[in-house]
Amino acid sequence: ELKAHFNISSKANSFSFGMIRDNVYIPYDLLSSGEKCLYALALMICIVNNGNSPLKLLLLDDAFDHLDARAIEATFTTLKNIQGIQFIFAGVKDCEAAKDIMVQV
């Protein structure tokens, strides 16, 4: 239902980004804090996945502070299907979807 979107202008250093929801463009600045969190996570996954490093690792602290329990569960369910990237999350709330893969320190 949601799509990330980048607007690039012909002017030097002129761009914007956000989401398209229901065929309406929403600039990043107008997204909720939870949507910004998920947008940033998706962007980081894309960058790491397309990088040249043999180690594909994301280390994030308090990445889900602005998400409700349902969104956290859905995010971890999705992350379990991403192959080739290792995730380390610090300060994550309890999440049933991550119980089988989460190691608490």
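In what follows, residues are counted from 1 in the order of the sequence shown. Heavy-atom basis, side chains included; hydrogens, waters and symmetry copies ignored.
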Kindly give the heavy-atom pair with the smallest separation between Asn50 and Cys46, and that separation in Å. ND2-O, 2.8 Å
Taking side chain to side chain contact (heavy atoms under 4.5 Å, CB included) as the test, write out the residues that go with Asn49, two or more places apart. Ile85
Going by side chain to side chain contact (heavy atoms under 4.5 Å, CB included), name the residues that satisfy it together with Ser14, two or more places apart in sequence or in a different chain. Ser9, Lys11
With sequence neighbours excluded, tell me which residues meet ring-ring contact (aromatic ring centres under 6.0 Å, His included) with Tyr28. Phe17, Tyr39
Applying side-chain contact (heavy atoms from CB on, under 4.5 Å) to Phe76 and Phe87, what does each step give before you reach the verdict? CA-CA 11 Å; Phe76 270 102; Phe87 297 93; over 6 Å; no
Please report the interatomic distance CG(Leu58) to CG(Leu79), rounded to the nearest 0.5 Å. 9.0 Å
May I ask you to list the residues sharing a hydrophobic cluster with Ile88, side-chain cutoff 4.5 Å, ordered by chain and number? Leu55, Leu57, Leu59
Search all heavy atoms of Lys36 against all heavy atoms of Asp29 and return the closest pair with its distance. NZ-O, 3.7 Å
Count the heavy atoms of every other residue, nucleotide or ligand shown that sit under 6.0 Å from CZ of Phe15, and state whether that count exceeds 12. no
Tell me, please, which residues at least two apart from Ser16 pass side chain to side chain contact (heavy atoms under 4.5 Å, CB included). Asn7, Tyr25
Closest approach of Asp62 to Asp65 (non-hydrogen atoms, all atoms of both residues): CB-OD2, 3.1 Å
Non-hydrogen atoms of Leu41 and Leu60 that approach each other most closely: CD1-CD1, 3.6 Å
Under the criterion side-chain contact (heavy atoms from CB on, under 4.5 Å), which of Leu31, Leu67, Thr75 is the partner of Cys37? Leu67
Mark yes or no for whether Glu73, through its side chain, and Arg70, through its backbone, hold a donor-acceptor pair below 3.5 Å. no
Please report the closest heavy-atom contact between Ile26 and Arg21, naming both atoms and the distance. CD1-NH1, 3.2 Å
Residues clustering with Ile8 (ILVMFWY side chains joined when closer than 4.5 Å, directly or via others): none
Smallest separation among heavy atoms of Met19 and Glu35, with atom names: CE-O, 3.9 Å
Please check: side-chain N/O of Lys56 versus main-chain N/O of Gly51, any donor-acceptor pairing under 3.5 Å? yes
